[in-house]
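Each remark here refers to the structure printed beneath this line.
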Amino acid sequence: MEIFDTRESAVRSYCRAWPTVFDRAAGSWLYDTDGRAYLDFFAGAGALNYGHNNPALKAALLDYLSDDRIIHSLDMHTVAKREFLTAFDELILLPRQLDYRVQFPGPGGANAVEAALKLARKATGRTQVVTFTNAFHGMTLGALSVTGDSFHRAGAGLPLAHATPMPFDGALNGTTGDFAWLEHLLANRGSGLDDPAAVIVETVQGEGGIRVASPEWLRGLATLCQRHGILLIVDDVQMGCGRTGPFFSFETAGIRPDLVCLSKSIGGFGLPMALTLIRPDLDIWQPGEHNGTFRGVNPAFVTGTAALRTYWHDDSLERSTLAKGQRIAAALAALADSVPGVAIRPRGRGLAHCLAFADSGLAGKVRTAAFERGLLVETAGPDGEAVKLMPPLTITEADLGQGLELLADAVRSVC
Ligand SMILES: Cc1ncc(COP(=O)(O)O)c(C=O)c1O
């Protein structure tokens, strides 16, 4: 472990919660150098929806590598990119009657967000972006400016401007009409809010502590945006690619965002890749106006294509995600009830769930107790109060049951 302590930056964090050296992984399991097994209820923060070293994806990647095919290509045409775009068109966009131009903005989620923010401002000629309490959109300056968390914002080193936070669904406990304040600001010429270019929203806030927006709230937001000529950006970096059931998390609400950000599991295998999906008439970029060296990671196109062809040719993954999600919701409700005297709220949708502790300090203790039992769970939320459960969508029922038992044991030991 010494080399990490002496050489790696102090910024490292996940390794502090899980102090071991991981080496191998398969499906929902990781193994450390001592051969100890850990059940993964973290799944690369949503980058491993199809599990570790998924055999179908790995086979496609190994074939591609062994034939000396193109690895790096900026935004040049390659066979791997053509196959990815074709599969994305055939299996994702066309069946959902969605029409988007696909931008490859650079490999991370923050790249997808930056591109969406820049394009929204360019297309509308406006600068302000409306964001929501507890939102998380990434660490680059533009993405950070629309992120809520004060700890991360403080790392910017300069004022984060041109973003206006509003209460997310449920933030005011239903005591005030959902969009009353935003409507008031938009309607009042003396409000001080410049006409916004866009609203950026997560349908389920991941890093914010698995806060779920209702379909009604999302529809209300989409209608408000339309009425005021504001572009709607859905950041589906963490909740897209089937995490909440359907491929896009906004499908349940039946809304059509103007811009969509995807990353994490879009490459399928944990390889870096991101997309910004653009309503066609908004695709007003000049060639090369937004560029980057790693916009054509062909191995990620290959595994991304294999993931789409393996898991999205029908709705069986979506159905199994929803069924497993119901099983988790029931188990978490029972678990919360089984520790009287400790205020715990289960929340979630699809295969993104959490246990939110009123006493935020308990969540970190549960994470440690889970690790000691061989279960990886992360904490989320502004005070780290939520123990977050995001297993691979492909997890077996047996592994899911085992993980829930380990979690229950960890919670009871702490509470
Ligand atoms: C909703 C959302 N948007 C953007 C990001 C940033 O993605 P990345 O860390 O790949 O830049 C994340 C990362 O967790 C996220 O959850």
Side-chain angles (χ1 to χ4, degrees), residues 11-14 17 42-49 103-118 120 129 131-149 151-153 155-156 160 163 165 168-169 198-213 218 232-244 247-250 257 259-277 290 292-295 297 300 304 348-354 377-382 384 386 388-390:
V11 80
R12 64 197 188 281
S13 65
Y14 292 110
F42 173 62
L48 292 164
N49 282 3
Q103 178 180 359
F104 297 100
N111 298 114
V113 170
E114 291 292 339
L117 295 175
K118 279 171 72 173
V129 173
T131 173
F132 291 100
T133 48
N134 294 313
F136 186 95
H137 298 291
M139 290 295 103
T140 50
L141 288 177
L144 198 50
S145 70
V146 289
T147 289
D149 182 65
F151 169 70
H152 288 117
R153 289 177 69 86
L160 295 168
F168 188 68
D169 191 11
V199 162
I200 184 164
V201 68
E202 300 153 89
T203 65
V204 178
Q205 295 182 326
E207 300 306 299
I210 311 293
R211 292 165 203 272
V212 182
L218 290 166
L232 178 61
I233 306 172
V234 169
D235 180 348
D236 237 0
V237 164
Q238 187 159 156
M239 294 300 153
C241 303
R243 176 52 61 187
T244 68
F247 185 84
F248 294 109
S249 70
F250 56 80
L259 295 148
V260 181
C261 306
L262 282 178
S263 182
K264 295 202 189 263
S265 278
I266 190 65
F269 202 64
L271 293 172
M273 175 167 165
L275 310 180
T276 306
L277 305 181
H290 182 92
T293 307
F294 289 107
R295 288 172 300 136
V297 182
R349 179 192 291 161
L351 275 174
H353 284 264
C354 81
V377 285
E378 227 332 336
T379 57
K388 186 174 158 195
L389 282 78
M390 297 219 323

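For ligands, and for the atoms within them, numbers begin at 1 and follow the listed sequence.
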I would like to know whether F248 and V260 meet side chain to side chain contact (heavy atoms under 4.5 Å, CB included); could you show each step before the answer? CA-CA 9 Å; F248 294 109; V260 181; 4.2 Å; yes

Worked check of side chain to side chain contact (heavy atoms under 4.5 Å, CB included) between R295 and Q103: CA-CA 9 Å; R295 288 172 300 136; Q103 178 180 359; over 6 Å; no

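Every atom of ligand 1 is numbered from 1 in the order shown, and the set under 4.0 Å from a heavy atom of E202 is 1 (C). Interface atoms of ligand 1 facing D235, defined by a heavy-atom separation under 4.0 Å, are 1 (C), 2 (C), 3 (N), 4 (C). Contact atoms of ligand 1 toward G108: 10 (O) (distance under 4.0 Å to a heavy atom of the residue).
At a threshold of 4.0 Å, the pair K388-E207 counts as salt-bridged, since one of the basic side-chain nitrogens sits closer than that to a carboxylate oxygen.
For the atom pair CD of Q238 and CZ of F136, the computed distance is 8.5 Å after rounding to the nearest 0.5 Å.
Less than 4.0 angstrom separates atom 11 (O) of ligand 1 from at least one non-hydrogen atom of the protein.
Looking at V113 next to ligand 1, no N or O pair under 3.5 Å apart turns up. Among the atoms of A110, some N or O lies under 3.5 angstrom from an N or O of ligand 1.
Among all non-hydrogen protein atoms, the one lying nearest atom 16 (O) of ligand 1 is Q238 NE2, 2.7 Å. Nearest to atom 4 (C) of ligand 1 among the protein's heavy atoms is H137 O, 3.2 Å. Of the protein's non-hydrogen atoms, G109 N, 3.4 Å is the one closest to atom 8 (P) of ligand 1. Of the protein's non-hydrogen atoms, the one nearest atom 15 (C) of ligand 1 is F136 CD2, 3.7 Å.
Between the D235 side chain and the I200 main chain, no donor and acceptor come within less than 3.5 Å of each other.
The closest side-chain donor-acceptor pair between S249 and T244, if any, does not fall under 3.5 angstrom.
Heavy atoms of M239 stay at 4.0 angstrom or farther from ligand 1.
For E114, the side-chain hydrogen bond (donor to acceptor under 3.5 Å, both in side chains) partners are T140, not counting sequence neighbours.
Contacts of K264 with ligand 1, taken as heavy-atom pairs under 4.0 Å, involve the side chain alone.
Exactly one residue among N49, L48, V237 makes a side-chain contact (heavy atoms from CB on, under 4.5 Å) with K264. That residue is V237.
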